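Heavy atoms only: backbone and side chains are in, while hydrogens, waters and symmetry mates are out. First the proteins, then the strands, lettered A, B, ... as listed; each starts at 1. Computed from a prediction, not measured in an experiment: that's the story for all the values here.
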Amino acid sequence: MKAYKILLLLFICILAIPIIFFLIPADMNGAKEPMPTPTVNALGNREYQKTVDDALADRIVGHNTFVQLKTWLNLAMGQKESNGIYIADNMLIQKPSLPGPEAVEEIAGNINAFAQTTSVPKYVLIIPSSAEINQASLPTYAPKLNELDFINGIYARLLPDIIRLDAATPLSSSKDAQVFYHTDSQLTSFGAFSIYNYNIKSMGFVPASYSDFNIEYAPIDYYGKLYQQTPYAGVKADRVDLYHYNAAKINTTVQKYDGKKVTTNNDLYYKEYLNTDEGVYVFLGEPAPFTSIKTNVENGKRLLVFGDENIGTLSQFFSIHYAQIDIVDLPSLTPNAARAIDINNYDEILFAISTNALNDENMFENLSMLTDKGGNT
Amino acid sequence: MPFIRTSFLFLFFPLFLILYYIVPIRFKNLVLVIGSLLISLWFDPAFFLIQLNLSIVTYIFGYLLSSKGTIQRIRKIIFISSVVISAGTLLYFYIGQHILTLLETAFSVSNTTQILTPLGIAYYVLSCVSYLIDVYYGRAQRQESLIDYLAYIVMFPKLYAGPVIAYANMSGQLQNRKISPKNAFAGVCVFIRGFAKKLLLADTVYSLYADVLSQGFDNIPMATAWLAALSFLLALYFDFSGYSDMAIGIGKMLGFSFPVNFRKPLISKSVTEFFTRWNISFFHWFRTYLHIPGNIGRSNKMLWIVNISLIAVAIAIWHGIKLNFFLAALYFTIIIILEQTVLLHTRKKCPHFIRTIITFILILIGSILISQTTPLSLGTYALALLGLNGQPCYNNTTLYYLSAYIIPFIICYLCMGNFFYKRIHRIKKSHPKLYTYAHPICLSVLFIMSVAFLVASPAHDFLCIVGS
């Protein structure tokens, strides 16, 4: 009987120990998010409950060990994926998904509708995912989606005056040199350079060559968001690298509007992130609805970009050629930010979006904020 | 479902258990009631209000039914009214939204009001109706203590997914139950087993079905369609039986003895036998409370057929006013009737393993009917299953699923039968000392693995949400 009492007590203690860790503030226990604030309206709100459960799970003692254990157990059971991420040879690959065939018409339709509101030259660059480029690394028999057909389907439906840029060809030909991170779904700097080098001629510029750059490496390994979800021990760590253009002295400032305030950085890179777990934020900092890069490039050309997470690495190269690059994150664009943008004040407009981002059916919903009033201030 | 929530498992549950074990026995039901109502308030405040209202109304009806001064005719009216109110509450949530939509269409009125079915309402209404019936027919005394009565009606272990326990079978335990460390630890063992079934098995195999579902059934080969069907059935079984085990385990920890709810149903030798092994308490409740009075043994075949048909319809309505539940009810009813009439002698001549395989296939087809909620999706899925959708028999994706899920399927196969049970039982008999030490260690490993799955992907839902 005593043994049963001890075991029962042990069980209750094991369940109760995490409570101590729930009380510790987020920054002290390594948790990523603060605990959600309880309100009366939150009662019965399934989304709020999920947020609480996620926050508590994040604070469970040994959280990272548990996540690693789950990954290991999935692999032991013969699974080739965990949490929607393929565990390939030495890299993690986000499981691809494409919107349905009707989305091809809709995406092209949205871009065409926008294109008709301005005579500014327009470019579209749809970037295939790591799953498409690294198909050979996917687990055996893993379903393969034909992203190239999807991209070509959109391109075929765009208006003739919109210039299509090709990301798939340079990425495929350079894939052996790591164009995507092993632990993140974003382009590496080399992947971004490959795309830039192949396409900048179509935008009327002479591409800078690889030798025109000094490469600075982050001092620590980078384990991206895929690794945070599926910490597979066999994956090769990444190293964030910065491409500094050395053929000319280009001074750059970056201004970001996060929806509430404007911040300024006197460099293209946010180097304070190089020593952190979020190394990729070195490129233009954390995501924001509106980012403006200003340089001392003498041509005075202004580029408006509708981009996603990959625009950070791409900006290293495009900023060599433009006096100003304004980057809009369409899904998070606010009316306030939209009011400050006049699409006719730019020399060129570029859509630089990955196939993953096109799964968001609201991707182009906010485009109308820029065109309804003609985008005038 | 609360058991598989981090907030329940690592916040509410340990605090509740500590308080429950500390308080004197006369306050344990009060702690149980408060804890259960807090869970309802947290997960669904609307349901909390309905629970309180209906509980009190049912309590009052129970008082009126057992009042010595009430004449029989009035008793009957009170009884019928009380059951109608309880059942009507459930029907309101099931068909209220449809009626609202029809009225809006008929009168061209735009309205954003939505009637959402509260979680647990279906099981909760069964408890209320059981209380009323048992008190009316004198199978049990009404609960004089409101707290003891509420402890039966709202107790959280059985509220969301059963087991369904008749009031007559619980009434004695409300005031006279023994909480012993041995039983409580036995409850921990059962809880961990259910926890592992849900997280390690059910959620793992369900991801195959979810993946196929996201692709749509019109483009999948036949073999993939059958793999998806198999994964759905296994996920449903381990999910449901996992939750039952957790409920039974928590009940034991609190001193209650809940009946076993699943007895290896997937190795049944007939569909009739399947329904004596699957969600046992639930079907037993309907057979107990919905039988036609009189001698309806097998000798009176027509009455028997009418009886099981009525029960099937009632069960389909209880699950939700949806075509898939009615189709499944019709399908299983026909098979049971055939098994007990035309095929009765033929079945007995068939070897056991053949009967088991045939039964499994029949159950698999029935689960397909349950899984598709619209005629269109059912039709599309049926075409895929029969290989009539223009797709090949199998493709690379089929091979991918096979290679990725073969081990989980094998583990599920071993767990759905007696493979582990026999071996564990043998070790317990032959090496009791080894068993004494190994058992808690194995349970701990199982618990840690399950927590790993929970923490890595929190907030899993019950796969077969009734009424939704």
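For F12(B), no part lies near chain A; criterion is any non-hydrogen pair under 4.5 Å. Contacts between I411(B) and chain A at a heavy-atom distance below 4.5 Å involve the side chain alone, from C-beta outward. Of the two parts of F13(B), only the side chain, counted from C-beta on, holds a non-hydrogen atom closer than 4.5 Å to a non-hydrogen atom of chain A. Contacts of Y21(B) with chain A are made by side-chain atoms alone, with heavy-atom separations under 4.5 Å and no backbone atom involved. Residue contact with chain A, scored on non-hydrogen atoms closer than 4.5 Å, is absent for N183(B). In this structure, no portion of Y401(B) lies under 4.5 Å from any heavy atom of chain A.
Other residues, nucleotides and ligands place no more than 12 heavy atoms under 6.0 Å from the CG atom of D277(A). Residue Y413(B) places its OH atom among 12 or fewer non-hydrogen atoms of other residues, nucleotides or ligands, all under 6.0 Å distant. Counting heavy atoms of neighbouring residues, nucleotides and ligands inside a 6.0 Å radius, atom NZ of K144(A) exceeds 12 of them.
In terms of heavy-atom pairs under 4.5 Å with chain B, the best-connected choice from V67(A), L7(A), L69(A) is L7(A). For the options S444(B), P440(B), P408(B), heavy-atom pairs under 4.5 Å to chain A are most numerous at P408(B). With chain B as the partner, the residue from T230(A), T65(A), L10(A), N83(A) showing the most heavy-atom pairs under 4.5 Å is N83(A).
With contacts defined as side-chain heavy-atom distances shorter than 4.5 Å, the pair F10(B)/L56(A) does not qualify. Side-chain atoms of Y141(A) and L402(B), non-hydrogen and from C-beta on, never get closer than 4.5 Å to each other. When side chains are defined from C-beta on, N74(A) counts as touching F453(B), because their heavy atoms get closer than 4.5 Å.
The aromatic rings of F185(B) and Y4(A) lie tilted to each other, with the angle between the two planes from 30° to 60°.
With values rounded to the nearest 0.5 angstrom, L200(B) atom CG is found 7.5 Å from L73(A) atom CG. Atom CG of residue L15(A) and atom CG of residue L11(B) lie 11.0 Å apart, to the nearest 0.5 angstrom.
Closest approach of K70(A) to A456(B), counting heavy atoms only: CD-CB, 3.3 Å. Between D53(A) and T6(B), the closest heavy-atom pair is O-OG1, 3.3 Å. The two residues I407(B) and A76(A) make their nearest non-hydrogen contact at CD1-O, 3.9 Å. Annotation for A404(B) and Q79(A): closest pair O-NE2, 3.0 Å, computed over non-hydrogen atoms.
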### Message
Between Y400(B) and L138(A), is the side-chain contact (heavy atoms from CB on, under 4.5 Å) condition met? List the steps.
### Response
CA-CA 11 Å; Y400(B) 173 75; L138(A) 291 177; over 6 Å; no
### Task
May I have the step-by-step check of side-chain contact (heavy atoms from CB on, under 4.5 Å) for I192(B) and F11(A), ending in yes or no?
CA-CA 10 Å; I192(B) 291 175; F11(A) 177 70; 4.2 Å; yes
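No side-chain donor-acceptor contact under 3.5 Å links Q49(A) to the backbone of S7(B).
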